[in-house]
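Quick note: numbers below take in every heavy atom, side chains included, and nothing from hydrogens, waters or symmetry partners. In the text below, chain A, chain B and the rest are named by the order of the sequence lines, each starting its count at 1.
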There are 2 protein chains.
Amino acid sequence: MVVFAGQGDPRRSLSLLWRADAPPPARGGPGPKPRLSVDAIVAAAVALADEEGMTALSMRAVGDRLGRTAMALYTYVPGKSELLDLMYDAVHAELPTAYPESESGDWRAALTAWAGEVLEFYVRHPWVLQVSQARPVLGPHEYAGLDTLVTLLRATGLPTGVVRRLVGTLFPYLRGSAQAVADARLAAAATGSSDEEWWAARSAALLELVPDFAERFPAVSGLEAEGPAEPCPGEGAEGAEGVPYPEREARETFRVGLGVLLDGIEAARVGRT
Amino acid sequence: MVVFAGQGDPRRSLSLLWRADAPPPARGGPGPKPRLSVDAIVAAAVALADEEGMTALSMRAVGDRLGRTAMALYTYVPGKSELLDLMYDAVHAELPTAYPESESGDWRAALTAWAGEVLEFYVRHPWVLQVSQARPVLGPHEYAGLDTLVTLLRATGLPTGVVRRLVGTLFPYLRGSAQAVADARLAAAATGSSDEEWWAARSAALLELVPDFAERFPAVSGLEAEGPAEPCPGEGAEGAEGVPYPEREARETFRVGLGVLLDGIEAARVGRT
DNA sequence: CTTGATACCTTACGGCGTAATGAATCCCCC
DNA sequence: GGGGGATTCATTACGCCGTAAGGTATCAAG
């Protein structure tokens, strides 16, 4: 399921995102004291999405988690779309914002470290990957994350136009790779059987249904035949023991792909000077 | 909204995907003649998703389009998840499968052409990008597309392990870039105002709410200040006239990013020989 | 104490996917 | 040629969803 955010009134979303409303303790107006707050609601919604996934995120569920009904939320938030906007921006506060490596001139190390942290961020909040990128409304924390990436890319010395395109290149790549890692983890958690077993059963069923698989798809078959094992010595040494195979593979793919991208950036730098 | 496919019974999905069921005209069994078919249902569902997007895709709507009720579909398809699997694979039949350039040894031209066609494919069926990649069930057409990519990558002469990782690098990148293009097109269609106007209004509202934007996000501001115009002479000459600006920009980003990736692959090739 | 604004609840509506049940249709075989 | 039984398709219903409408309880200000 893909969830669209940013569908509500943009102005309302913007004021909520940038907290431009009247400050809560300012006027002690009439009526009962609010027992909820935008922040509390967003926090509950994020916790729920983290724990049970986007499909479990409903206004009723968020309300329950706060000991309120679904409709109580509408006092603070115009609707689910806007709540999603707020959730999305709130978690982006976890993105890294400063890199000492960048100042020492090693843009490549800085970008690699940054990408690694962003990957972990997406794995921590996989539901973020299900929020459509068509959102016209950007919040402060997302802008802060963007600012960091732009700063790191500026350190390459490439011209502004190229930097802008590289931003648009790196982000989709990161999201996609993170999606792969998150999916691998999800699949591992969902299936009771162990990792290799699962693939074995799947391909056995496939081979039974499609006996001529190897002939129809020779290239893919060749790829899989070569054996996925070979743990690529010298990498993933630290703490990769308990990580199941598909996720390890996805992470390695991320590492290699990022390397290729950075090589390409390096080439652009060299070609320019 | 992200939609999960591949959640149903994998064996059932597999037989449906690979059309391993009893052939329809084989046995003229008892009962009324089927007035529907899996293919007709899938075609109707795809048409509906193409025209009105994923959010409009419901069993009732697909049934309506065929002059039947929603429940009638359940005779042919176990559920919505499996229908999504079938839709997903069905459209992937449009992916290109052969490249003469590849045989002439120009792997770079072949990959570029391939990526371009895949991009157009995603733009033609943007809902495909909303189908979660966590699908454990792969269909024949998706495998065929994969086989083509592997073949093209093999032409680089890189070792099998690297090729496998490059597959996992190119696909997320393509999906992400296509998402950006599709989003740009969607935004252009949704907003009545023209493109630059839209951004102008948005940033005006933002600046009003956040007067210190330029100070808080200097790098991003610098990026946008440098002017997005400059049509990059020598490219996009053919037929890019009517394409609105955000989409042109997204396409250019795709082109540049792909170039960077291919440069990286080139570097890997050179570094290896 | 009254007034009126505010927070929260209850109820309800129209959507969704789909389980259960029933009616209509047609081949096969006696 | 007329049941029998399998099969297609429709009807109804259940429990979810987001949220509109309206009621009630709580508080500050006059």
Side-chain angles (χ1 to χ4, degrees), chain A residues 1-9 12 21-22 24-41 44-45 48-49 52-87, chain B residues 1-9 12 21-38 40-41 44-45 48-49 52-87:
Chain A
M1 168 189 33
V2 178
V3 183
F4 282 99
Q7 304 293 79
D9 177 20
R12 185 89 173 88
D21 293 357
R27 45 120 207 64
K33 285 173 177 130
R35 295 185 289 167
L36 246 44
S37 69
V38 173
D39 290 309
I41 291 172
L48 197 125
E52 314 196 34
M54 197 67 127
T55 55
L57 186 84
S58 72
M59 299 300 270
R60 285 170 172 88
V62 175
D64 275 3
R65 195 170 255 260
L66 294 162
R68 288 300 107 84
T69 67
M71 291 312 291
L73 310 182
Y74 285 84
T75 307
Y76 304 87
V77 163
K80 199 190 182 183
S81 277
E82 289 82 356
L83 175 55
L84 254 168
D85 279 335
L86 291 171
M87 292 170 61
Chain B
M1 167 191 35
V2 177
V3 183
F4 281 99
Q7 303 292 78
D9 177 21
R12 186 90 172 85
D21 293 358
R27 44 124 209 59
K33 287 180 174 124
R35 294 185 290 168
L36 247 44
S37 70
V38 173
I41 291 172
L48 196 126
E52 313 197 33
M54 197 67 125
T55 55
L57 185 83
S58 72
M59 298 300 270
R60 285 170 171 88
V62 175
D64 276 3
R65 193 170 258 258
L66 294 162
R68 243 23 45 101
T69 65
M71 291 313 291
L73 310 182
Y74 284 82
T75 307
Y76 303 87
V77 162
K80 198 189 184 185
S81 276
E82 290 82 355
L83 174 56
L84 254 168
D85 278 335
L86 292 170
M87 293 169 61

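The CG-P distance, from Leu48(B) to dC16(C), rounds to 11 Å in whole Å. For the pair Leu66(B) CG and dT8(D) P, the computed distance is 16 Å after rounding to whole Å. Regarding Met54(A), its CE atom lies at a distance of 18 Å from the C1' atom of dC16(D), rounded to whole Å. Rounded to whole Å, the distance from CG on Asp64(A) to C1' on dC16(D) is 13 Å. The nearest whole Å value for the distance from the CD1 atom in Ile41(B) to the C1' atom in dG17(C) is 15 Å. Atoms OH (Tyr74(A)) and P (dA20(D)) sit 7 Å apart, rounded to a whole Å. Summarising the geometry, the separation between CD on Glu82(B) and P on dG17(C) is reported as 13 Å, rounded to the nearest angstrom.
Looking at every heavy atom in both residues, Val62(A) comes nearest to Ala44(A) through CG1-CB, 4.4 Å. Nearest heavy-atom pair across Arg68(A) and Ala72(A) is CB-CB, 3.9 Å. In this structure, Tyr76(B) and Arg35(B) approach most closely via the heavy-atom pair OH-N, 3.7 Å. When all heavy atoms of Leu73(B) and Met59(B) are compared, the pair lying nearest together is CD1-O, 3.5 Å.
Between Arg35(B) and Gly31(B), the residue anchored nearer the 5' end of DNA chain D, judged by the nucleotide with its closest heavy atom, is Gly31(B). Comparing Lys33(A) and Leu57(B) by the nucleotide of DNA chain C that holds the closest heavy atom to each, the one mapping nearer the 5' end is Lys33(A).
Here the nucleotide nearest the side chain of Ser58(B), chosen from dG4(C), dC16(C), dA7(C), is dC16(C). Ranking dT19(D), dC9(D), dC8(C) by closeness to the Leu36(A) side chain, first place goes to dC8(C). Residue Tyr76(B) has its side chain nearest to dC9(D) when only dC9(D), dC9(C), dG17(C) are considered. For Met59(A), counting side-chain heavy atoms from C-beta on, the closest listed nucleotide (dC8(C), dA19(C), dT19(D)) is dT19(D). Residue Thr75(B) has its side chain nearest to dT8(D) when only dC9(C), dT8(D), dG4(C) are considered. Side chain of Pro32(A), nearest nucleotide from dT6(C), dC8(C), dA20(C): dT6(C). Closest to the side chain of Met71(A), out of dA6(D), dT8(D), dT10(C), is dT10(C).
A sub-4.0 Å separation between OP1 or OP2 of dC8(C) and a side-chain N or O of Thr69(A) is absent. For dG17(C), one of the phosphate oxygens OP1 or OP2 lies less than 4.0 angstrom from a side-chain nitrogen or oxygen of Lys80(B).
Counting any heavy atom pair closer than 4.0 Å across all strands shown, Leu73(B) reaches no nucleic acid atom. At the heavy-atom level, Arg60(A) lies under 4.0 Å from base atoms of the strands shown. Backbone-only engagement by Arg68(A) is indicated by non-hydrogen atom pairs under 4.0 Å involving sugar-phosphate atoms exclusively.
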Carefully, step by step, assess Met87(B) and Leu83(B) under the rule side-chain contact (heavy atoms from CB on, under 4.5 Å). CA-CA 6 Å; Met87(B) 293 169 61; Leu83(B) 174 56; 4.1 Å; yes
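By the side-chain contact (heavy atoms from CB on, under 4.5 Å) test, Ala40(B) is found to be paired with Ser37(B), residues two or more places apart in sequence or in another chain being considered.
Just one residue in the list Leu86(A), Leu36(A), Thr75(A) forms a side-chain contact (heavy atoms from CB on, under 4.5 Å) with Ile41(A), and that residue is Leu36(A).
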Secondary structure string for DNA chain D (Watson-Crick or G-U under 3.5 angstrom, | for other-strand pairs): ||||||||||||||||||||||||||||||
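Counting heavy atoms from C-beta on, the side chains of Met54(B) and Leu84(B) come closer than 4.5 Å.
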